Amino acid sequence: MTNAFSIDLEDWYHGIELPYSSWSQYERRLEVGHYKILELLDKYSVKATFFTLGWIADHYPDLIKEITSLGHELGSHSYSHEKVYNQSRDVFRQEIRRTKKTIEDLTGQKVISHRSPFFSITDKSLWALEILAQEGYEIDCSLSRIKTWRYGIDNCPDTIFNISEYDITEFPTTTFQIFNKNLNMGGAYFRIFPYSYTARGIKDRQQSGQYNMFYVHPWEYDPDHPKAKMEWKAKLTHYSRLKKMYPNTEQLFKDFDFGTVSAVIEDFKKQNKSIPHVSIEDLKD
Ligand SMILES: [Zn+2]
């Protein structure tokens, strides 16, 4: 098992920069996309990792319990979907602590993994990794080697690795090259570019023994969700080719095997006698 399937469990208005204080005014549609993903996961017997907002866990407790009862893994996606580099250390700590406790109280299962909103652990917020370890998280999936206006760390290794200073394993986004373009595996990259690009990326990487992190969001499976006023850059990635998401994911499940983040890391540890260690200094720009 070399491919992890991860879902950032959030509604359409969380996936764009709309303030927390305004969330109550938007139409809630989480279940529309969420149940389409569950349908596909069930049809192809795939177990996945759902990184949920603490806010979602508070507002949809039965949906969270159902994810666990279906055998999927739950992780934290923060509480309020604020970018880490816009938060103080104390607020970051309170959010990941609150989300972990909320999920654990609902499911009775330990939460060990985390992904920050918008992959926002960057050069400016590497301090977050220490706090994650202190708060009992063992896995982080918040780093991206590709740099965009929202995220990215140039020096992020393209593999699963341990952070030398803290007891935490990092599973960054997977980057692949096609026609001299660097793409991430999942999300808008999966919708905007042809399916064959991602399929080729996975195939090539699998052949050379590399592990892959794939990510999606429920709102990507709900093409009819409302159009909010937002920055053009966000609009471009948020609404592009949403109708492709369901059929492309179905094809992905036909072509490749996927599992939870934890299961894939376990497999990596079994296959590779030693897990690479990377220090915080090495990650800095
Ligand atoms: Zn998110």
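Predicted model only: the values in this text are computed from it and were never measured. Excluded from the calculations below are hydrogen atoms, water molecules and symmetry mates; all remaining heavy atoms, backbone and side chain alike, are included. In each ligand, atom 1 is the first atom listed, and ligand 1 is the first ligand listed.
- Side-chain contact between E17 and K83 is present, with heavy atoms from C-beta onward closer than 4.5 Å.
- Nearest to the Zn ion (ligand 1), among the N, O or S atoms that E10 has, is OE1.
- Residue side and main chain included, H81 places an N/O/S atom under 2.8 Å of the Zn ion (ligand 1).
- When distances to the Zn ion (ligand 1) are checked against a cut-off of 2.8 Å, H14 contributes no N, O or S atom below that limit.
- Ring centroid separation for the pair H225 and H238 comes in under the 6.0 Å cut-off.
- Aromatic rings from F253 and F5 are positioned such that their centres are separated by under 6.0 Å.
- With ring centers used as reference points, F118 lies under 6.0 Å from H81.
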